[in-house]
Undergrad: 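Pasting a structure below so you can have a look.
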Number of protein chains: 2
Amino acid sequence: MPFRDATTEEVNSAMENAWKAFQIYRNTSLKDRANLMRSIAQEMEALGDQLIETAQRETNLPEARLRGERTRTMFQLTSYADACESGAWMDIRIDTAVPDKNPPKPDLRKMMIPLGPVAVFGAANFPFAYSTAGGDTACALAAGCPVIVKAHPAHAETSELVAQAISAAVKKNNLPGGVFIHLHGAGNEVGKALVTHRYTKAVGFTGSHAGGRQLFDWANQRKEPIPVFAEMSSINPVFLLPKKLKESAAEVAKMYAASITLGVGQFCTNPGLIIGKEGEDLDKFMNVLKEEVSKVQPAKMLHAGIAKNYVQKRTEAFSNAEVLSLTAEKAEGSPALATATANAYIKNPVLHQEVFGPYSIVIRCKDMDEMISVAKNTEGQLTGTLMATNEDVKENQELVDAVKSFCGRFILNGVPTGVEVCLSQQHGGPYPSTTDSRFTAVGADGIKRFARPVSYQNWPDELLPPELQNANPLKILRTINNEASF
Amino acid sequence: MPFRDATTEEVNSAMENAWKAFQIYRNTSLKDRANLMRSIAQEMEALGDQLIETAQRETNLPEARLRGERTRTMFQLTSYADACESGAWMDIRIDTAVPDKNPPKPDLRKMMIPLGPVAVFGAANFPFAYSTAGGDTACALAAGCPVIVKAHPAHAETSELVAQAISAAVKKNNLPGGVFIHLHGAGNEVGKALVTHRYTKAVGFTGSHAGGRQLFDWANQRKEPIPVFAEMSSINPVFLLPKKLKESAAEVAKMYAASITLGVGQFCTNPGLIIGKEGEDLDKFMNVLKEEVSKVQPAKMLHAGIAKNYVQKRTEAFSNAEVLSLTAEKAEGSPALATATANAYIKNPVLHQEVFGPYSIVIRCKDMDEMISVAKNTEGQLTGTLMATNEDVKENQELVDAVKSFCGRFILNGVPTGVEVCLSQQHGGPYPSTTDSRFTAVGADGIKRFARPVSYQNWPDELLPPELQNANPLKILRTINNEASF
């Protein structure tokens, strides 16, 4: 089903609607916002098999994966709804007046208010969890912001179905339609019009580095710049430490063969870079990795653009004289393993690029100093992993520090694929993995991307919002005169 | 005493030093950072009268004000030190493992780590509190970041003295000298070299719109963009509501005459825009305001550049046909009052500009709808104030909403001058008052500008930092499995 790109007039009219709706939606209670989010989850579930079938047809993703992703998306909506309603994310601080101080200290009470309409750009690889009703939409709605989604063209029909579910929930909750607006736009124009519109107050994006950086630049070149949280690219380096590798090279290789090829490697947390010290343990690791990966059957990728890009980036990597192929590439989506020396990696930025797909490169270091150099010469990442015994960790503090420095999630003895949805999750990291390492795209702390603090000074209790009133009617955890209390 | 601008080589060498120091300083305990901050306060106090005399000579500020500002600066350092040590600012979240879930839920623990070296640009109008050892420096040190200060050329000698005090404290605390570096730079080159250096990871700035925007643009044009918190300009609108004005026009006028002329109007929270409804109450207000302001003697401004700029901006405002002068300007630093209609204000962006100095313009509205239009046509501000009875507030919700929307601190029946240093303070606001409304320059939450979350996944207790260990040895308030606990 083809969808027409929104015209400039349609974008303008959408933003006018969103702005009008904002005047109402920003004054809704935390409970009302939470109820809307729970309704969206219900409406999404009510779409039943039609949603799964449509997404399957558009994305080539298997049914079980899509059912799991829908469940996850509903959990995001409902768990962020709970977090929204708890009010803890508002970081409420109250300092009561001290009238006999000189000068008198006024009563000050700080809470969060929404930024305004948020433009959300869905991801190709998560048609539900990072798309139309995904994490960015859930966080923005929790913060009190209307959402304008630009559907990902690779699953526009899926997006349309989810948008209808959201709009139904908005209606059932007696909220203005402008709280959620859905637009199509296969070209760049709609995105640019959205990001540069005066009523757009923040942007959420998941996708390529080129796309994210373009939105970030447009947003910062505005007369009134707006915050952009773009999650862009990550090769999720994994450091194999010597004692761990000696202990269990084959087990680690098996674990990683599964992680590299999971979902045809189409995860932002796919381990695309594995670093080890040369020697028989690393050879054993590489042999088992190669063997295991070669058992995996090629599968269809999300869409033709991604498949083409994968083949191109893979070819680009292998065209370097220093890069050896460990696998014989066959079809488009077939897994590929490469290897190169630490020296080659440090000198050649092409080897640092994300090859989106079931690809990983093993970097061979002469010694631990070279491994530290690799870590220090690695750009910002969503995750960094150590495969290490406790002794390995204790003996290699400089390496541990260097890995922690470039990542948002720091994993010990695990795989980076699999992003738990919970408050302690940090799905974010230094540039270029995201445009602002101080925020997260997963977990209810992601709400803070779309809200800002406001301090009420000298207001009588009866005129304060319930969040700030003395009696604490909403039972929010608040910090009063530097002490946390309910 | 003339100071030479740092050369590019000196900036590079400073950044190398800061980067080296960062590798040590980021691993210091919260207690060590807090002790450093307390030492800086002590060393600053130990400078005694020499510091006050030097600042007096360089800034024309009166002795009592400078003594008060030093006390405030020391309070910032020691109270943020307490906040740093408490660890609450780290927003620690722990979700413990659920091994029998399918797939198993890993143990995840999130805390804050420092961004890296922070370039701080001091303000002309606060030689202590927003300069060398000011709020940005205190927050960056608390976060675990080395600081590189570019001294404000208008009080370079004062800055040099404070820098020596900080360096003495760094030394006494056995920390590397690169934790704090002080550079001079009267031109733009040093600032540009600092903001664009690869080892600079964040920027703190207080000053003009042109200066802040320039740093923001440089930072965002980098290959690796970095966060900039620039506090830039604010005219701090005050809305006089009808019932309040009828009740106490004269008292309000007296209060505001004092606020407008306080410190020769050289505060970022100076009330530069007052909005009221035409009629005899507003006439009375304007008459008393004029009378009170005309009693204030002109005083010397901070430096020649600011004085020149004040006269120029004031003249520019008065050159508009719609603007009437209420005062006869005399000397450079003499207070000036203007008035214009709401219609003129809405149409003419020049009237929205900050006139840094003892200046304010009274905007006359025909009715409450015009007052709402003025609020809706006002750019982002540090503060917004309502002078209003409780009834005024209840009867004018649209206006109340519109004022809240543009400000960071929302004052009822008070003056915006006077910024309390406490956790509930929001000294920040939508652009152009700052470059990121989600953060504050005052209060210990300002530490969060310079830190980012990192999640530890699947680490054994013995290898975790103390902040995240099960026993909670630092007694930090943490959220564990969605429940707050010590």
Side-chain angles (χ1 to χ4, degrees), chain A residues 23 27 88 91 93-95 103 105-106 108-110 113 115 216-217 220 224-225 227 379-380 390 393-394 401 404 407-414 418 420 422-426 428 430-432 435-438 440 445 448 451-460 462-463 477 479 482 484, chain B residues 23 27 88 91 93-95 103 105-106 108-110 113 115 216-217 220 224-225 227 379-380 390 393-394 401 404 407-414 418 420 422-426 428 430-432 435-438 440 445 448 451-460 462-463 477 479 482 484:
Chain A
Q23 309 317 315
N27 286 322
D91 286 341
R93 285 87 163 78
I94 294 173
D95 289 285
K105 194 176 174 311
L108 273 165
R109 294 168 187 243
K110 185 163 70 170
I113 64 170
L115 293 182
F216 177 81
D217 288 343
N220 285 307
E224 177 205 347
E379 295 78 11
N390 287 7
V393 172
K394 287 176 191 164
D401 263 12
K404 185 169 71 175
C407 73
R409 181 160 52 104
F410 194 19
I411 302 154
L412 186 64
N413 297 322
E420 199 63 37
C422 56
L423 204 50
S424 54
Q425 182 61 266
Q426 174 59 13
Y431 191 94
T435 47
D436 195 339
S437 66
R438 295 171 301 174
T440 179
D445 278 336
K448 295 185 189 182
R452 68 181 181 88
V454 67
S455 287
Y456 283 75
Q457 180 172 321
N458 197 34
W459 286 67
E462 60 162 321
L463 294 179
L477 177 70
T479 301
N482 294 313
Chain B
Q23 309 317 314
N27 285 322
D91 286 341
R93 285 87 162 79
I94 295 173
D95 290 285
K105 192 177 175 311
L108 272 164
R109 295 169 187 244
K110 184 162 71 169
I113 64 170
L115 292 182
F216 177 82
D217 288 342
N220 285 308
E224 176 204 347
E379 295 78 12
N390 287 7
V393 172
K394 287 175 190 164
D401 263 12
K404 185 169 73 175
C407 73
R409 182 160 50 105
F410 194 18
I411 302 154
L412 185 65
N413 297 324
E420 199 62 38
C422 56
L423 203 50
S424 54
Q425 182 61 265
Q426 174 59 11
Y431 191 91
T435 47
D436 195 339
S437 66
R438 296 172 300 175
T440 179
D445 278 335
K448 294 184 189 184
R452 67 179 180 89
V454 67
S455 286
Y456 284 75
Q457 179 174 321
N458 197 33
W459 287 67
E462 61 162 322
L463 294 179
L477 177 69
T479 300
N482 294 314

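Keep in mind that the numbers below use all heavy atoms, side chains included, and drop hydrogens, waters and symmetry copies. Within every chain, numbering begins at 1; the chains are lettered A, B, ... in the order of the sequence lines, protein sequences first and strands thereafter.
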Undergrad: Which pair of heavy atoms, one from A/Pro453 and one from B/Ser437, lies closest together, and at what distance?
TA: CD-O, 3.4 Å

Undergrad: So which of B/Asn482, B/Ile113, B/Asn27, B/Thr440 has the largest heavy-atom pair count under 4.5 angstrom toward chain A?
TA: B/Asn27

Undergrad: Ignoring hydrogens and geometry, is there a side-chain-to-backbone donor-acceptor pair from B/Ser455 to A/Arg409 under 3.5 Å?
TA: no

Undergrad: Nearest 0.5 Å, please: how far is CD in B/Gln425 from CD in A/Gln457?
TA: 7.0 Å

Undergrad: Considering non-hydrogen atoms only, spot the tightest contact between B/Val393 and A/Trp459 and give its length.
TA: CG1-CZ3, 4.0 Å

Undergrad: Between B/Lys448, B/Lys394, B/Lys105, which has the largest tally of heavy atom pairs under 4.5 Å with chain A?
TA: B/Lys105

Undergrad: Most heavy-atom pairs under 4.5 angstrom with chain A, which of B/Gly418, B/Gly414, B/Pro227, B/Gly428?
TA: B/Pro227

Undergrad: Looking at every non-hydrogen atom in both residues, tell me the closest pair between A/Pro106 and B/Glu420 and how far apart they are.
TA: CD-OE1, 3.6 Å

Undergrad: Check salt bridge (charged side-chain N to carboxylate O under 4.0 Å, His left out) between B/Arg109 and all other residues, then give those that pass, not counting sequence neighbours.
TA: B/Asp107

Undergrad: Which distance, rounded to the nearest 0.5 Å, do you find between the OG1 of A/Thr479 and the CG of B/Asp445?
TA: 8.5 Å

Undergrad: Find out whether A/Pro225 and B/Thr435 are in side-chain contact, i.e. whether some heavy atom of one side chain is under 4.5 Å from a heavy atom of the other.
TA: no

Undergrad: For residues A/Arg452 and B/Pro430, determine if any side-chain heavy atom of one lies less than 4.5 Å from a side-chain heavy atom of the other.
TA: yes

Undergrad: Is chain B contacted by the side chain of A/Ala88, its backbone, both, or neither, given a heavy-atom distance below 4.5 Å?
TA: neither

Undergrad: Kindly write out the residues that satisfy salt bridge (charged side-chain N to carboxylate O under 4.0 Å, His left out) with B/Asp95, not counting sequence neighbours, or none if the list is empty.
TA: none

Undergrad: Does a side-chain heavy-atom distance below 4.5 Å link B/Leu108 with A/Cys422?
TA: yes

Undergrad: As an exercise: rank B/Leu477, B/Ile94, B/Asp401, B/Asn413 by heavy-atom pairs under 4.5 Å with chain A and give me the winner.
TA: B/Asp401

Undergrad: So, does A/Asn390 use its side chain to make a donor-acceptor pair with the main chain of B/Leu463 at under 3.5 Å?
TA: no

Undergrad: Please look at A/Asp436 and chain B and tell me whether the side chain, the backbone, both or neither of the residue comes under 4.5 angstrom of a heavy atom of that chain.
TA: side chain

Undergrad: So B/Leu412 and A/Tyr456, do their side chains get closer than 4.5 Å, heavy atoms only?
TA: no

Undergrad: Kindly indicate whether the side chain of A/Gln426, heavy atoms from C-beta on, has any atom under 4.5 Å from the side chain of B/Val454.
TA: no

